[in-house]
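Following: one structure in structure tokens, then a few remarks.
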Amino acid sequence: LKKKNRQATSEVDAVPTGMMNFRKKTLGGKRTVSSNFVSPVAQKENSTSSRSSSIPPALAHLDSKMVEHILGESMHDFKPVAWEDIAGLESAKSTFLEAIIMPLRRPDLFTGVRCPPRGVLLFGPPGTGKTLIAKSIASQAKAKFFSINPSSLTSKWVGDAEKLVKTLFAVAAAHQPAIIFIDEVDSLLSKRSGNENESTLRLKNEFLIHLDGAASNEEIRVLVIGATNRPQELDEAVRRRFVRRLYVPLPTREARQKIIEKLIRQVKHNLDVVQVTELAELTDGYSGADVDTLCRYASMAPLRSLTPDQMEVIETHQLPAVTMADFKQALRVISKSVSAEDCKQFEAWNEIYGVRH
Ligand code: ADP
């Protein structure tokens, strides 16, 4: 399956350890007799104390640098995502509302045997709305959203990844209700193999401990949502902990039509209902993300026809409308990214391990 290569912004922002050492060494620049002395130690203490002040007292016993890293890079604020923003997937939405969102909002009603699952797996082709669903659950449950990218977790915190996982769960619990979203969860918690190194094993075990901890303690309102395009690669023990395993398939014709309608509303166009319906049919097999890319490409056509000089002066209302011909051209350039064969594999896995909804 085509693997998504979404680069976490956190990776871009992060200061590699080597760079920090470099900064320390050059702190204050080259001193001369007349320059004021700037103590590197005092500066470091100042900056640390001002950052630490944002750490809740409940987390004071943890490694402050890690807590800051998680609060700054993993905890995300975003524009709330409503169910209406996600086209289709109606039965998944109602399952989540009843099984996940309401329990996070009203924990007093969902205790004991009514206690909700703490691990949810969303699997299916890339670009079908798994991240959107996770964000919408967080928006509706008014939960803090922590998102981690396994590739940065394992590369940046080599040796310390286990401690980072522990800290992540502690930080999430201090901000509950909280959602920990792990994209590409298969790469973090894949099947154990004989040649796995010690630290990867410890990292996995640490995850399992916390997934169990969250599941067994009703006081902890931390939900872990894993997303994957390769469910068959998941470790069996991990798969079992994700009690709800929901297939997020390619959008139906109706869902594709909704996505197109919503996007073209943002530009001047002259497509009628019949043409939009035709487009929904022509995009059979496209993922939501593919349809999104197609609409963006077609919407650029009126601008593409302008010279740079014209573009400098033209007013928005003077732009030509987006036409069906623009979409037909876009269809020649933007093709579907998921094969029928891939879908068959998801369906087969869903038959065995998926939870009906
Ligand atoms: P995934 O996590 O499954 O790879 P995302 O949730 O990140 O996919 O979706 C990528 C983009 O594709 C979204 O930002 C949205 O623009 C579009 N998209 C995908 N599925 C849908 C959907 N069901 N409804 C509306 N937009 C969708």
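Both counts, for ligands and for their atoms, begin at 1 and track the order of listing.
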**Asked** Would Asp290 and Ser287 count as having a side-chain donor-acceptor pair, cut-off 3.5 Å?
**Response** yes
**Asked** Is there a donor-acceptor contact under 3.5 Å from the side chain of Arg245 to the main chain of Tyr353?
**Response** yes
**Request:** Check each atom of ligand 1 against the heavy atoms of Ile86 and keep those under 4.0 Å away; list them by number with element.
**Result:** 23 (N), 24 (N)
**Asked** Of Gly124, Pro249, Gly129, Ala87, which has the heavy atom at the shortest distance from atom 22 (C) of ligand 1?
**Response** Ala87
**Fill in**
Logged contact type for Asn229 with ligand 1, heavy-atom cut-off 4.0 Å, is neither
**Item:** Pro126 neighbourhood, listing ligand 1 atoms whose heavy-atom distance to it stays under 4.0 Å
**Value:** 4 (O)
**Prompt:** Taking only heavy atoms of Gly288, which atoms of ligand 1 are found under 4.0 Å from at least one of them?
**Reply:** 12 (O), 17 (C), 18 (N), 19 (C), 20 (N)
**Prompt:** Can you tell which of Asp292, Thr131, Leu132 gets a heavy atom nearest to atom 26 (N) of ligand 1?
**Reply:** Leu132
**Fill in**
Atoms of ligand 1 under 4.0 Å from any heavy atom of Asp85, numbered from 1 in the order shown, are 24 (N), 25 (C)
**Request:** For the pair Ser136 (side chain) and Val81 (backbone), establish whether a donor and an acceptor sit closer than 3.5 Å, ignoring hydrogens and angles.
**Result:** yes
**Request:** Please state which part of Ile259 comes within less than 4.0 Å of ligand 1, counting heavy atoms only: side chain, backbone, both or neither.
**Result:** side chain
**Close approach of Leu122 to ligand 1, heavy atoms, under 4.0 angstrom** = no
**Sidechain-backbone polar pair: Asp85 side chain, Ala82 backbone, donor-acceptor under 3.5 Å** = yes
**Asked** In terms of side-chain geometry, is the basic nitrogen of Glu90 or Lys93 positioned less than 4.0 Å from the acidic oxygen of its partner?
**Response** yes
**Request:** Could you tell me whether a side-chain N or O of Gln176 sits under 3.5 Å from a main-chain N or O of Arg221, the two making a donor and an acceptor?
**Result:** yes
**Message:** Tell me whether the rings of Phe123 and Trp349 are parallel (<30°), tilted (30 to 60°) or perpendicular (>60°).
**Reply:** perpendicular
**Prompt:** Going by heavy atoms, is Gly127 under 4.0 Å from ligand 1?
**Reply:** yes
